[in-house]
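So the structure is just underneath, and the comments pick up after that.
Atom set for the values below is all heavy atoms of this structure, side chains included, hydrogens, waters and symmetry mates excluded. Here the structure is a predicted model, which means the values were calculated and not measured. Every chain is numbered from 1 and lettered A, B, ... according to where its sequence line falls, protein lines coming before strand lines.
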There are 2 protein chains.
Amino acid sequence: MEPKGRTRMTIGQLAEKTATDAQTIRYYERQGLLLDPPRTESNYRVYDENSVTRLTFIKRAKEIGFSLNDIKVLQGIADGEVRQCSEIQAFAESRLSKIRAHMADLTAMERTLSSLVNQCALSDKIEDCPILETLTERE
Amino acid sequence: MEPKGRTRMTIGQLAEKTATDAQTIRYYERQGLLLDPPRTESNYRVYDENSVTRLTFIKRAKEIGFSLNDIKVLQGIADGEVRQCSEIQAFAESRLSKIRAHMADLTAMERTLSSLVNQCALSDKIEDCPILETLTERE
DNA sequence: AACAACCTTATAGTAAGCTATAAGGTTGCA
DNA sequence: TGCAACCTTATAGCTTACTATAAGGTTGTT
Ligand SMILES: [Zn+2]
Ligand SMILES: [Zn+2]
Ligand SMILES: [Zn+2]
Ligand SMILES: [Zn+2]
């Protein structure tokens, strides 16, 4: 057991602890993703364990594919603005469908390009390189 | 048979023909993706069928997943700076591996998020929403 | 001659998420 | 006291691929 909720950290220490650049932390603050922390007499930001939790939330959400804007919404929900789980679910589902659409685009690209690369491997005459042909070909 | 190579077009006509905005065509010109076209006495750009071919090349390459910078390289190759087909192939392969890496990222996101969404569907109590739990959970 | 619909340039703004720079104040330690 | 290593703010720049705006010149038709 450590004395929780009493840790005091500078921005540099929070940065170190969460593997986030201090500049980025200030940026998140400006964007409203992190609350304005209290300050020391000399105007240094003071963080505690709650800040670590917040920042970790942001990093996790980013990994799962949420944008910073999405994350603001998620925080609003997490912070208990009387919403329902189904609302989060719907929100996550809409992000999920964006991810899937993006994947479909990439899959189409991957298919076309890999087939071209394979055909290209067959001969080394640039005159009939299938990649260039595909790009140049009329209609 | 139409009299090819003798077509004269304004930027608006080229834009129409290739479904590209005229501003975008000028932008490609500034970026060096399109050659500076000849001008009329009144300084209007004059295009011909070659310009259509060039623009089509650009649009196709974009669809396959090349960036505008990539396309400049491809054009250099297509314009015959004594390179070999294997060079194009290597280039296309490197782009392909970027696409695949991106897909792998998205796949991981998709997996995590869809599993969360499914679990979330099971109960509507926000207190134990698995999405929020995953984001907030320590370690 | 009037007018719309084109064309020209230069400049600045948009998206997202940082990252860099300048110019200065504070802390901690030898 | 000196100095490094922190901290502060404001401002600007980066990436990619456009997109918008302003202010003006040209073309073609009535
Ligand atoms: Zn992507
Ligand atoms: Zn080839
Ligand atoms: Zn991505
Ligand atoms: Zn839920």
Side-chain angles (χ1 to χ4, degrees), chain A residues 8-34 36-48 51 54-55 57-75 95 98-99 101-102 105-106 109, chain B residues 8-34 36-48 51 54-75 95 98-99 102 105-106 109:
Chain A
R8 287 169 61 88
M9 272 174 277
T10 64
I11 196 168
Q13 289 163 336
L14 178 61
E16 168 94 1
K17 198 159 187 174
T18 58
T20 311
D21 194 89
Q23 293 251 58
T24 303
I25 295 175
R26 291 192 197 97
Y27 173 73
Y28 288 165
E29 182 185 314
R30 277 200 301 287
Q31 298 310 114
L33 288 162
L34 294 173
D36 292 14
R39 304 286 185 124
T40 64
E41 278 190 2
S42 56
N43 204 32
Y44 282 23
R45 288 170 179 81
V46 181
Y47 295 99
D48 62 13
S51 315
R54 280 258 162 194
L55 250 183
F57 184 104
I58 294 171
K59 299 203 98 186
R60 291 244 169 78
K62 272 167 57 73
E63 272 164 30
I64 298 182
F66 290 103
S67 70
L68 296 189
N69 243 326
D70 289 343
I71 294 171
K72 268 204 267 191
V73 178
L74 285 174
Q75 286 179 336
R95 167 55 54 179
K98 281 183 199 162
I99 291 174
H102 198 153
D105 283 355
L106 292 176
M109 289 177 186
Chain B
R8 286 170 61 87
M9 272 174 278
T10 64
I11 197 169
Q13 290 162 336
L14 177 62
E16 169 95 358
K17 199 159 187 173
T18 58
T20 312
D21 193 88
Q23 294 250 55
T24 303
I25 296 175
R26 292 192 197 98
Y27 171 74
Y28 287 166
E29 182 184 316
R30 278 201 302 286
Q31 299 309 116
L33 288 163
L34 294 172
D36 291 13
R39 304 287 185 121
T40 64
E41 280 190 359
S42 56
N43 203 32
Y44 282 24
R45 288 170 177 81
V46 180
Y47 296 99
D48 62 12
S51 316
R54 281 259 161 190
L55 249 183
T56 307
F57 184 104
I58 294 171
K59 298 203 98 187
R60 290 245 170 77
K62 271 167 57 71
E63 272 165 29
I64 298 182
F66 290 103
S67 70
L68 296 189
N69 243 326
D70 289 344
I71 294 172
K72 268 205 266 193
V73 178
L74 285 175
Q75 286 178 335
R95 168 53 54 177
K98 280 183 200 162
I99 292 174
H102 198 151
D105 282 355
L106 292 176
M109 288 177 187

Check your understanding: Between D:dT9 atom C1' and A:I11 atom CD1, what is the distance in whole Å?
Key -> 12 Å
Check your understanding: Quick one: is B:K62 getting a side-chain N or O under 4.0 Å of the D:dT16 phosphate, OP1 or OP2?
Key -> no
Review point. To the nearest angstrom, how far is B:I25 atom CD1 from C:dT8 atom C1'?
Key: 15 Å
Check your understanding: Just wondering, do B:H102 and B:I99 contact through their side chains at under 4.5 Å, heavy atoms?
Key -> no
Exercise for review: Going 5' to 3' through nucleotides 19-30 of chain C, assign each nucleotide B (protein heavy atom under 4.0 Å from a base atom), S (under 4.0 Å only from sugar-phosphate atoms) or - (no protein heavy atom that close).
Suggested key: -BB---BBS---
Check your understanding: Distance from B:T18 atom OG1 to B:I25 atom CD1, nearest 0.5 Å?
Key -> 4.5 Å
Point to revise | Neighbour count >12 (heavy atoms, 6.0 Å) for atom CD, A:E16 | key: no
Review point. Rounded to whole angstroms, how far apart are CE on A:M9 and C1' on D:dC7?
Key: 16 Å
Review point. When the distance from CD of A:Q13 to C1' of D:dC7 is rounded to whole Å, what number comes out?
Key: 12 Å
Review point. Atom CD1 of B:I71 and atom P of D:dT16: how far apart are they, to the nearest Å?
Key: 13 Å
Point to revise | DNA chain D: 5'-proximal contact among B:S67 and A:N43 (nearest heavy atom) | key: A:N43
Check your understanding: What is the distance, rounded to the nearest whole Å, between atom CZ of B:R39 and atom P of C:dC7?
Key -> 12 Å
Check your understanding: Can you find a pair of side-chain heavy atoms, one from B:L68 and one from B:Y27, that are under 4.5 Å apart?
Key -> yes
**Study point:** B:Y28 side, atom OH; B:I58 side, atom CD1 - distance, nearest 0.5 Å
**Key:** 6.0 Å
Review point. Going from CD on B:E29 to CD1 on B:I11, what distance comes out if it is rounded to the nearest 0.5 angstrom?
Key: 7.0 Å
Review point. Going by heavy atoms in the side chains, are A:Q75 and A:R54 under 4.5 Å from each other?
Key: yes
Review point. Whole Å only: how far is the NE2 atom of B:H102 from the P atom of D:dT16?
Key: 15 Å
Check your understanding: Closer than 4.0 Å, any side-chain N/O of A:Y28 to the OP1 or OP2 of C:dC18?
Key -> yes
Check your understanding: Which nucleotide, C:dT9, D:dA17, D:dT9, lies nearest any side-chain atom of A:R26?
Key -> D:dT9
Study note, to complete from the structure: Interatomic distance, CD1@B:I71 vs CG@B:L33, rounded to 0.5 Å, equals 6.5 Å
Check your understanding: CD of B:Q13: more than 12 outside heavy atoms within 6.0 angstrom?
Key -> yes
Study note, to complete from the structure: In short, the helix from C:dA1-D:dT30 to C:dA30-D:dT1 is bent end to end, axes from five pairs each side, to 10°, by 30°
Exercise for review: Using only side-chain N and O atoms of B:R45, determine if any of them is under 4.0 Å from OP1 or OP2 of C:dC7.
Suggested key: no
Review point. Would you say D:dT16 has OP1 or OP2 under 4.0 Å from some side-chain N or O of B:K72?
Key: no
Revision key, fill the gap. A:L14 atom CG is separated from D:dC6 atom P, nearest whole Å, by 15 Å
